[in-house]
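Start at 1 with the first residue, then count along the sequence.
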Amino acid sequence: MQSCKASTGFEIMPSITVRNVPDEVHRALKVLAAQHGRSAEAEIRDILENAVKPKGRKKLGSLLAEVGRRAKLTDEDLKTIEQVRDKTPAKPMTFE
């Protein structure tokens with residue numbers, strides 16, 4: 001499933017339908033959602049996201065920040081890096 005942006009600028013998200021959910025499960029979802037102060041649909045999204053997310057996953061920004069902390073980079077170091085880094089735009093690859 002991919003999401004895309006319509007001409008209005010709004011992102012169109014994929015949706016799914018789950019059929020034959022037992023009444024007991026549906027009631028439990030509604031109760032759980034109410035306890036968390038959200039809709040049943042939002043509760044289901046949260047459950048699905050947590051179920052498929054890799055355990056211990058770190059996002060790229062967090063990893064880069066950790067590298068900087070471990071290297072004990074200062075703001076001055078970062079300014080120096082920014083001044084000397086190559087800012088030339090990358091050239092697209094050709095396959096000819």
Stepwise side chain to side chain contact (heavy atoms under 4.5 Å, CB included) check, Ile47 with Leu29: CA-CA 10 Å; Ile47 291 167; Leu29 275 169; 3.6 Å; yes
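- When the side-chain hydrogen bond (donor to acceptor under 3.5 Å, both in side chains) test is applied to Arg45, the partners found at least two apart in sequence or on another chain are Glu41.
- Considering every non-hydrogen atom in both Ala33 and Ser39, the closest pair reads CB-O, 3.5 Å.
- The side-chain hydrogen bond (donor to acceptor under 3.5 Å, both in side chains) test applied to Asp46 returns Arg38, Asn50, not counting sequence neighbours.
- Residues passing the side-chain hydrogen bond (donor to acceptor under 3.5 Å, both in side chains) test with Asp23: none are found, sequence neighbours excluded.
- Residues that satisfy the side-chain hydrogen bond (donor to acceptor under 3.5 Å, both in side chains) test with Thr74, not counting sequence neighbours, are Asp77.
- In this structure Val52 satisfies the side-chain contact (heavy atoms from CB on, under 4.5 Å) test with no other residue, sequence neighbours excluded.
- Judged as a salt bridge (Lys or Arg N to Asp or Glu O under 4.0 Å), and not counting sequence neighbours, Lys59 has no contacts.
- Gln83 pairs by the side-chain contact (heavy atoms from CB on, under 4.5 Å) definition with nothing, not counting sequence neighbours.
- With respect to Glu43, the side-chain contact (heavy atoms from CB on, under 4.5 Å) criterion is satisfied by exactly one of Leu32, Val31, Leu48: Leu32.
- Contacts of Glu76 classified as salt bridge (Lys or Arg N to Asp or Glu O under 4.0 Å), with partners at least two apart in sequence or in another chain: none.
- Hydrophobic cluster of Leu60: the remaining members, joined at side-chain heavy-atom separations below 4.5 Å, are Leu64, listed by chain and number.
- Taking the salt bridge (Lys or Arg N to Asp or Glu O under 4.0 Å) definition, one finds that Lys58 meets it with Glu66, sequence neighbours left out.
- Applying the side-chain hydrogen bond (donor to acceptor under 3.5 Å, both in side chains) test to pairs two or more places apart or on separate chains, those with a residue in residues 85-96 are Glu82-Arg85, Asp86-Thr88.
- Phe95 belongs to a hydrophobic cluster with Met93, counting contacts under 4.5 Å between side-chain heavy atoms of Ile, Leu, Val, Met, Phe, Trp and Tyr, direct or through other members.
- Linking Ile, Leu, Val, Met, Phe, Trp and Tyr residues whenever their side-chain heavy atoms come within less than 4.5 Å leaves Leu63 and Val67 in two separate clusters.
- Heavy-atom contacts from other residues, nucleotides or ligands closer than 6.0 Å to NE2 of His36 number more than 12.
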